[in-house]
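These figures come from a predicted structure and were not determined experimentally. The chains referred to below are lettered A, B, ... by the order of the sequence lines, with proteins before strands, and numbering in each begins at 1.
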Amino acid sequence: MPIDLSSLFSFAFIQRALVVGILVSVCSALLGINLVLRRFSMIGDGLSHVGFGSLALALVLGAEPLAIAIPIVILAAFFMLWLNAHGKMQGDASVAMLSSSALAIGILVTSFSSGLNIDLNSYMFGSILAVSQSDMWISVIVSAVVLVLYLVCYHPMFSITFDEPFAAATGTRASFYNTILSLLTALTVVVGMRLMGTLLISPLIIFPALTAMRVCKSYRGVVICSVATSVLSLVLGLILSFLFSLPTGATIVTVNLVFFLGFSAFSFLRGLLRRSSHPVRTEK
Amino acid sequence: MSVMLETRGLTVRYEHHIACDNLSFALEEGDYVAIVGENGSGKSTLVKTLVGLLKPSAGEVILHNLSKKEIGYLPQSTPVQRDFPATVSEVVLTGCIGGGGFLPFYSKGQKQAAQNAMELMNISPLSKKSFRELSGGQKQRVLLARALCATKKLLILDEPASVLDPVITHDLYSILKMLNETRGITILMVSHDIHCAVEQAKTILHMDKELLYYGTPEGYFQTELYQRMVGLCHADYSREHTHSHGHELHPEEKEENGHAD
């Protein structure tokens, strides 16, 4: 039996989940554009697995989860960046190795202490109940940092994403902005992990960008559109997950998928219409 | 004329081999230099070192009355740009970043500079179009406009014509010539097309890891280097250029050289 929506938002845990969720969805949508366009999509995935390992560690140590996870994930992000720039290994291989190792170590660590299986499950798949008061405040601060830095670095970040050699040659310090991008991604992943689950936070990063790129022509358009679809999917997913007692992370990702498919269909149909109204031009 | 960029004993080494070996030359203001040489002769490495993307293992690059941010650079095209969602004006504006500070918005001056560059390149009508929908020639014009936003002095281009067909290539070269002659912009260009290079440039730089020739095209015609380059390119060239113009000179020059030797 569905509960009516006005009473839904009166629950404190729903309010907290909404605040954290909206902030995370805005940050992840913004960062996702740069990550996807630069072929760094897997970094979010890798970092979330490292996040799982560090949460497991915090659980066993009995420490504040985010206090342990944030520094470890940031370190991992820098390590991945370093591997990418200097490593003898390919970027995707190093990310895959790092993420599976972190997952394995996380599971091993938790197996040392019995009776923690329920929490482990919520870490992997997210839970609407997992967001505590202190989590919420940390999320608000972290998201504010991400948003401010992103706005300030908007143009240089775009320039580097579009053409790193040119940006570097004309005096933009590419390595500095790459570091910022990894740092912000790490923060966003950690903050979003509790709600979305470590296995489902990375779609939140890549889906909105991919969805927006189906229909938008300009970079600014992609930025606005991906934030909009991201927030909308999150709120819709959260409501659906509560109303029908569905797993939160999975519901939100599925709503994102629906948006992506919808936008793809729209772009496909638009292409068909154009082709039928204009005869095919061959341009060099 | 005064020297604006100079290299002294410039050596660039990758892990196991030397790409540029002890290069010393001086680039003069207002010059138009074509860098030629066979594949793998270190042309792109040299250019990347000049714009600061690679660090020299020995020697140095010296800029005279020129800051690093004042070099306009047109890199070889990258695969990322093929599906990149950005409008032409957004792309051109990134050329202005070097001059600006940490602001999320562009200043009026920067916008005006981008506008002027687009007008000069004849792409103003495309400014709201998406970069990924443009043709190859249009894309190069956009990137050239972006480079022009970054510089009033020196343009460094890395094989700008490698992805273009012959007609568009010809357009591009006439734009470069115009920039050099009417705007006084110094041009340094890597070219794989020896014929266009000698036709367009005022100075030829031929390298094969080390500097083999640096001087006028006329002097270059007399060298064996040129004969070898023409021989290498000829099969390729006659296939591409069915409308040859002014290249009848070459066989005579070959003979002259034969007599001189």
Side-chain angles (χ1 to χ4, degrees), chain A residues 30 33-40 86 88 147-177 180 209-226 263 267 271 274 278 281-284, chain B residues 15 47-48 50-53 67-81 83-91 93-106 110 128-138 143 146-147 149-151 156 158 163-165 167-168:
Chain A
L30 292 174
I33 300 163
N34 298 84
L35 293 172
V36 165
L37 285 171
R38 299 189 66 182
R39 313 287 190 262
F40 288 168
H86 305 282
K88 313 256 181 262
L147 287 175
V148 168
L149 276 176
Y150 188 87
L151 274 183
V152 169
C153 302
Y154 178 86
H155 288 303
M157 213 76 115
F158 167 59
S159 179
I160 291 171
T161 307
F162 181 71
D163 189 346
E164 184 165 333
F166 175 83
T170 46
T172 306
R173 279 178 301 153
S175 57
F176 170 75
Y177 288 102
I180 297 239
L210 289 175
T211 303
M213 278 161 59
R214 293 286 110 187
V215 295
C216 295
K217 284 180 168 188
S218 71
Y219 184 71
R220 178 170 301 186
V222 169
V223 169
I224 293 168
C225 181
S226 68
F263 276 52
S267 140
R274 261 195 212 149
H278 299 288
R281 278 184 306 170
T282 45
E283 256 190 299
K284 295 246 175 77
Chain B
E15 271 169 36
V47 162
K48 282 179 189 153
L50 293 180
V51 299
L53 293 179
S67 97
K68 240 196 82 181
K69 291 183 176 181
E70 285 177 310
I71 299 177
Y73 175 49
L74 189 71
Q76 277 178 327
S77 63
T78 60
V80 171
Q81 294 162 357
D83 58 348
F84 203 97
T87 61
V88 167
S89 61
E90 281 177 323
V91 171
L93 270 165
T94 61
C96 302
I97 288 175
F102 275 103
L103 275 178
F105 302 103
Y106 287 110
Q110 288 171 321
K128 293 277 171 278
K129 273 214 153 196
S130 193
F131 184 78
R132 59 184 169 189
E133 290 165 5
L134 303 181
S135 67
Q138 288 170 329
L143 297 183
R146 178 184 65 165
C149 280
T151 189
I156 295 184
D158 197 350
V163 290
L164 306 178
D165 65 70
V167 179
I168 310 283

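- Only the backbone of B/Ile71 has a heavy atom closer than 4.5 Å to any heavy atom of chain A.
- Distance check, rounded to the nearest 0.5 Å: NZ of A/Lys217 to NZ of B/Lys128 gives 12.0 Å.
- Taking each heavy atom of B/Leu53 and A/Ala169 in turn, the nearest pair found is CD2-N, 3.9 Å.
- In this view, B/Lys48 satisfies the salt bridge (charged side-chain N to carboxylate O under 4.0 Å, His left out) rule with no residue, not counting sequence neighbours.
- Residues B/Ala86 and A/Phe158 share a closest heavy-atom pair of CB-CZ, 3.7 Å.
- The two residues A/His155 and B/Ile97 have their closest heavy-atom pair at O-CD1, 3.3 Å.
- A side-chain donor-acceptor contact under 3.5 Å links B/Glu90 to the backbone of A/Arg220.
- Aromatic ring centres of A/Phe162 and B/Phe84 lie closer together than 6.0 Å.
- Ranked by heavy-atom pairs under 4.5 Å with chain A, the first of B/Val88, B/Val51, B/Thr151 is B/Val51.
- Of the listed residues (B/Ala147, B/Ser130, B/Pro85, B/Ala150), the one with the most heavy-atom contacts under 4.5 Å to chain A is B/Pro85.
- Going from atom CZ of A/Phe166 over to atom CZ of B/Arg146 covers 4.5 Å, rounded to the nearest 0.5 Å.
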